[in-house]
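Notes to accompany the following structure.
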Amino acid sequence: MEKFLINGSYSKGVKGTIRCSGAKNAVLPLMASSILFKNTITLRNVPLEANDIKTMIVLLKSLGSKVEILKKKKILKITNKKKHQLLVKYKYISTMRAGVLAMGALLGKYNKCSTALSGGCSLGPRPIGYHLAGFKKLNCKYSLKNGYINIEAKNGIKGAEYYFPTVSVTGTSNLILASVLAKGITILKNISIEPEVLDLIKFLKNGGAKIYLTGKRAIKIYGVRELNGHSHEVIGDRIEAFSYLCTAAITKGKIKVDKINPKYLRTELKVLKNIGCDIIVNKSSIELSRKKKLKPTRIKTSPFPGFATDCMPMLMAVLTRSNGISRIEETIFTNRYMSAPELVRMGAKINIKGSKAVIIGSDFLNGADCISSDLRSTFAIILGAMSANGNSCISRIYHGLRGYSNLYYNLKKIGVKIKKTS
Ligand code: EPU
């Protein structure tokens, strides 16, 4: 298993430009939505090296889709040649939660499917109760057998109204996928308005779907008969952009991230500014430099446009080097502080109580052997390692490779003293 060896003593003041990849969490629902289309869809700016994308390609192929990969151009072309298989196997759902999106698309197209039910993941329980409650409103009946949800709308999916008890990103996308081809009108309320969900809506609308925003968190969907394939440029990855900005924040460096809409990170950039980073935004790039000592802060994660839970682990790592006491409250997942014990091994002072973390900034960290356990905690530990004195060895790096394209190459490029080992 791949490990990263990082020498923090020689990684101070990272510098350079990172070109953001297409957003993994935008591409996955777009790929699932391909099932609904009459003819070929073309996705551009796809982060083909991210392992979740590779898994989604295999999943779609297992259902019968034809997937063409143009690696150099970062393009995926997906065509539905024949009727899809209606079984989404456990092996895909267990390694990639977004596999559940095939359920909405298969229901939308065929009114029935069987999908493995995943349990939790390292972030905590990952229920799909809202997805199922929404599908039920759309005229579906389901049962659970041998770990699979068997779901069917015998008389077809019928438009209805569903209010999400709390905002769910994948839940919103799944219900949209199930209802774009439905009979009648579907109204979804308290939806996610993360940029990745809005990108899915834009993509479906350009293919002929009739989806209208009717309030800040509400949409109305008029079912249409078919969707026409077309070409779409995937939006930049805001979490990747934030992660690399944090490399400059923690090492007193200067980093520019390109191909990212700064509006996707408005709240997060405000926080980085408040703690003492200098930030310049352009139409599609963000530049961060840090010269001063970092100040502490207090944040609470929440759905977009609030502070993203996916950015929190990286901010926590940065705050371990601030001058004072910071407080974080995580409101989305129950187990999002997996990087904290690893940073503590480097000498960081972090106390976790339930959903709250108190971080007492330190003048220095010392390199240590660490284990990463989820995608974002991997980057948080890397941040700690690059700002620590001496060597750190980070194992189970594969968690990071699920969502960061060219991670090793990019870190090396900006001046992190890093080596790969097995
Ligand atoms: N929830 C329920 N019931 C449901 C659905 C969700 O109780 O039926 C709860 C969850 O337990 C959680 C909250 O609602 O407490 C929000 O979960 P959500 O459904 O929004 O999360 P998700 O769609 O499974 C996506 C991203 C995550 C990101 C979260 C929050 C994808 C593929 N995944 O997950 O990204 O952290 O939204 O923004 O889009 C990652 O990229 O590493 C990642 C974990």
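The model shown is predicted, which means the values in this text are computed figures rather than measured ones. When a ligand or atom number is given, it counts from 1 through the structure's own listing order. We count residues from 1, following the sequence as given.
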Practice problem: Calculate, to the nearest 0.5 Å, the distance between atoms CD and OH belonging to Q85 and Y110 respectively. | Solution: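 Reported to 0.5 Å precision, the distance equals 10.0 Å.
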Just the distances, no angles: every ligand 1 N or O to protein N or O pair closer than 3.5 Å, one line each.
{"unit_1": "ligand 1", "atom_1": "7 (O)", "unit_2": "Y130", "atom_2": "OH", "d": "3.4"}
{"unit_1": "ligand 1", "atom_1": "8 (O)", "unit_2": "P127", "atom_2": "O", "d": "3.3"}
{"unit_1": "ligand 1", "atom_1": "8 (O)", "unit_2": "G129", "atom_2": "N", "d": "3.0"}
{"unit_1": "ligand 1", "atom_1": "8 (O)", "unit_2": "Y130", "atom_2": "N", "d": "2.8"}
{"unit_1": "ligand 1", "atom_1": "15 (O)", "unit_2": "I332", "atom_2": "O", "d": "2.5"}
{"unit_1": "ligand 1", "atom_1": "19 (O)", "unit_2": "S168", "atom_2": "OG", "d": "2.6"}
{"unit_1": "ligand 1", "atom_1": "20 (O)", "unit_2": "V169", "atom_2": "N", "d": "2.7"}
{"unit_1": "ligand 1", "atom_1": "23 (O)", "unit_2": "T170", "atom_2": "N", "d": "2.7"}
{"unit_1": "ligand 1", "atom_1": "23 (O)", "unit_2": "T170", "atom_2": "OG1", "d": "2.4"}
{"unit_1": "ligand 1", "atom_1": "24 (O)", "unit_2": "R126", "atom_2": "NH2", "d": "2.9"}
{"unit_1": "ligand 1", "atom_1": "34 (O)", "unit_2": "R126", "atom_2": "NH2", "d": "3.3"}
{"unit_1": "ligand 1", "atom_1": "35 (O)", "unit_2": "N25", "atom_2": "ND2", "d": "3.3"}
{"unit_1": "ligand 1", "atom_1": "35 (O)", "unit_2": "D310", "atom_2": "OD2", "d": "3.3"}
{"unit_1": "ligand 1", "atom_1": "36 (O)", "unit_2": "D310", "atom_2": "OD1", "d": "2.6"}
{"unit_1": "ligand 1", "atom_1": "36 (O)", "unit_2": "D310", "atom_2": "OD2", "d": "3.3"}
{"unit_1": "ligand 1", "atom_1": "36 (O)", "unit_2": "R336", "atom_2": "NH1", "d": "3.4"}
{"unit_1": "ligand 1", "atom_1": "41 (O)", "unit_2": "K24", "atom_2": "NZ", "d": "3.2"}
{"unit_1": "ligand 1", "atom_1": "41 (O)", "unit_2": "N25", "atom_2": "ND2", "d": "3.0"}
{"unit_1": "ligand 1", "atom_1": "41 (O)", "unit_2": "R376", "atom_2": "NH2", "d": "3.1"}

Quiz item: Could you walk me through whether S372 and R396 pass the side-chain hydrogen bond (donor to acceptor under 3.5 Å, both in side chains) check?
Solution: CA-CA 6 Å; S372 73; R396 301 200 185 158; over 6 Å; no
Quiz item: Under 30°, 30 to 60°, or over 60°: which ring-plane class applies to F203 and F37, parallel, tilted or perpendicular?
Solution: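 F203 and F37: tilted rings.
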Quiz item: Going by the angle between their ring planes, with limits at 30° and 60°, are Y212 and Y222 parallel, tilted or perpendicular?
Solution: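 Ring orientation of Y212 relative to Y222: perpendicular.
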Quiz item: Does Y337 have any side-chain hydrogen bond (donor to acceptor under 3.5 Å, both in side chains) partners at least two apart in sequence or in another chain, and if so, which?
Solution: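 Here no residue qualifies.
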Exercise. Could you point out which residue of R44, K73, K202, K74 forms a salt bridge (Lys or Arg N to Asp or Glu O under 4.0 Å) with E233?
Key: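 Of all the options given, the one that passes is R44.
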